[in-house]
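What you see is a predicted model; the values in this text were computed from it and never measured.
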Amino acid sequence: MKNIKSLLLALLVLLSGNMLKAQTEMTLEQMIPVRVLMPVNKDIKGDALTVLYNRVNQAVTLNGLGASSNENRFLIVTSVTVLSKNATTSIPPQFMSEVEVAFYFVDNINKVILSQEMITKKGMDDNADKAVAKAIKSIQARDPKFKKLITLGKQRAIEYYTAIEETESSGDSTPDVSWIFE
């Protein structure tokens with residue numbers, strides 16, 4: 001019985017070492033964590049901005065780049081603009097709102113926008129503020145524009161890191177990465 005316990009313990013130690021090694025060997029693509037900043041807009045009332053923040057976090061996580069550290073190099077910054085709030089002529093009156101939400105995948109160290117996307121949505125309700133909130137809440141985490149934003153940002157970040165690695169291996173002092181951001 002004692003031999004079986006010792007054998008199991010030795011097997012566990014061997015397997016845990018292999019798993020630890022597998023977890024530390026990450027590709028460049030996996031080492032690009034992205035943090036989402038909470039959108040800010042004083043004109044939007046209620047929990048619509050929190051819902052938007054959560055949806056953007058879901059999109060980042062769905063694309064394998066989620067992070068929670070405050071020291072991330074890459075961020076997704078969101079800007080919400082209310083384009084219009086109009087009352088309909090129906091009785092009772094309804095309000096139609098149109099919002100434009102801009103998403104920016106940025107390198108926080110170099111202050112460079114790596115990719116950007118805009119999503120325009122409409123919402124309707126019996127209250128103007130609720131109509132804006134409905135428009136914002138209609139943005140989904142699986143929207144193809146999110147995937148495009150994150151994929152292009154990730155691609156440019158990888159190109160940036162590759163250029164830095166090549167520069168360091170050749171002995172140059174600063175990499176020429178201007179071509180990445182064209």
Could you tell me which non-hydrogen atom of [X] sits nearest to which non-hydrogen atom of [Y], and how far apart they are?
X	Y	value
Ala131	Phe95	CB-O, 3.4 Å
Ala135	Gly123	CB-N, 3.5 Å
Pro39	Tyr53	CD-CB, 3.9 Å
Lys137	Ala48	CE-CA, 4.1 Å

Could you see if [X] belongs to whatever hydrophobic cluster contains [Y]? Use Ile, Leu, Val, Met, Phe, Trp, Tyr and a side-chain cutoff under 4.5 Å.
X	Y	value
Val132	Val80	yes
Ile158	Val112	yes
Met118	Val77	yes
Ile44	Leu52	yes
Val51	Ile139	no

Could you list the residues that satisfy side chain to side chain contact (heavy atoms under 4.5 Å, CB included) with Lys45, not counting sequence neighbours?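 With sequence neighbours excluded, Lys45 shows a side chain to side chain contact (heavy atoms under 4.5 Å, CB included) to Asp129, given in chain and number order.
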
Rounded at 0.5 Å granularity, tell me how far [atom1] in [X] sits from [atom2] in [Y].
X	Y	atom1	atom2	answer
Ile119	Gln140	CD1	CD	10.0 Å
Asn86	Met96	CG	CE	8.5 Å
Asn108	Leu37	CG	CG	7.5 Å
Lys122	Ser84	NZ	OG	7.5 Å
Leu75	Ile113	CG	CD1	11.5 Å
Asn57	Ile76	CG	CD1	8.5 Å

Whether over 12 other heavy atoms sit under 6.0 Å from Lys85 NZ: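 Enclosed.
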
With a 6.0 Å cut-off (strictly less than), is the heavy-atom count around NZ of Lys121, excluding the residue itself, greater than 12?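 Buried by this count: over 12 neighbours within 6.0 Å.
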
Contact between [X] and [Y] at the side-chain level, heavy atoms closer than 4.5 Å - yes or no?
X	Y	value
Asp126	Gln94	yes
Arg73	Asp107	yes
Val34	Phe105	yes
Met38	Thr78	no
Gln155	Leu114	no

Exam field: side chain Asn63 to backbone Ile150, donor-acceptor pair closer than 3.5 Å: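 Pair absent, no side-chain N/O of Asn63 close to backbone of Ile150.
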
Identify which one of Val101, Asp143, Leu149 satisfies the side-chain contact (heavy atoms from CB on, under 4.5 Å) criterion when paired with Glu117.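 Only match with Glu117 under side-chain contact (heavy atoms from CB on, under 4.5 Å): Leu149.
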
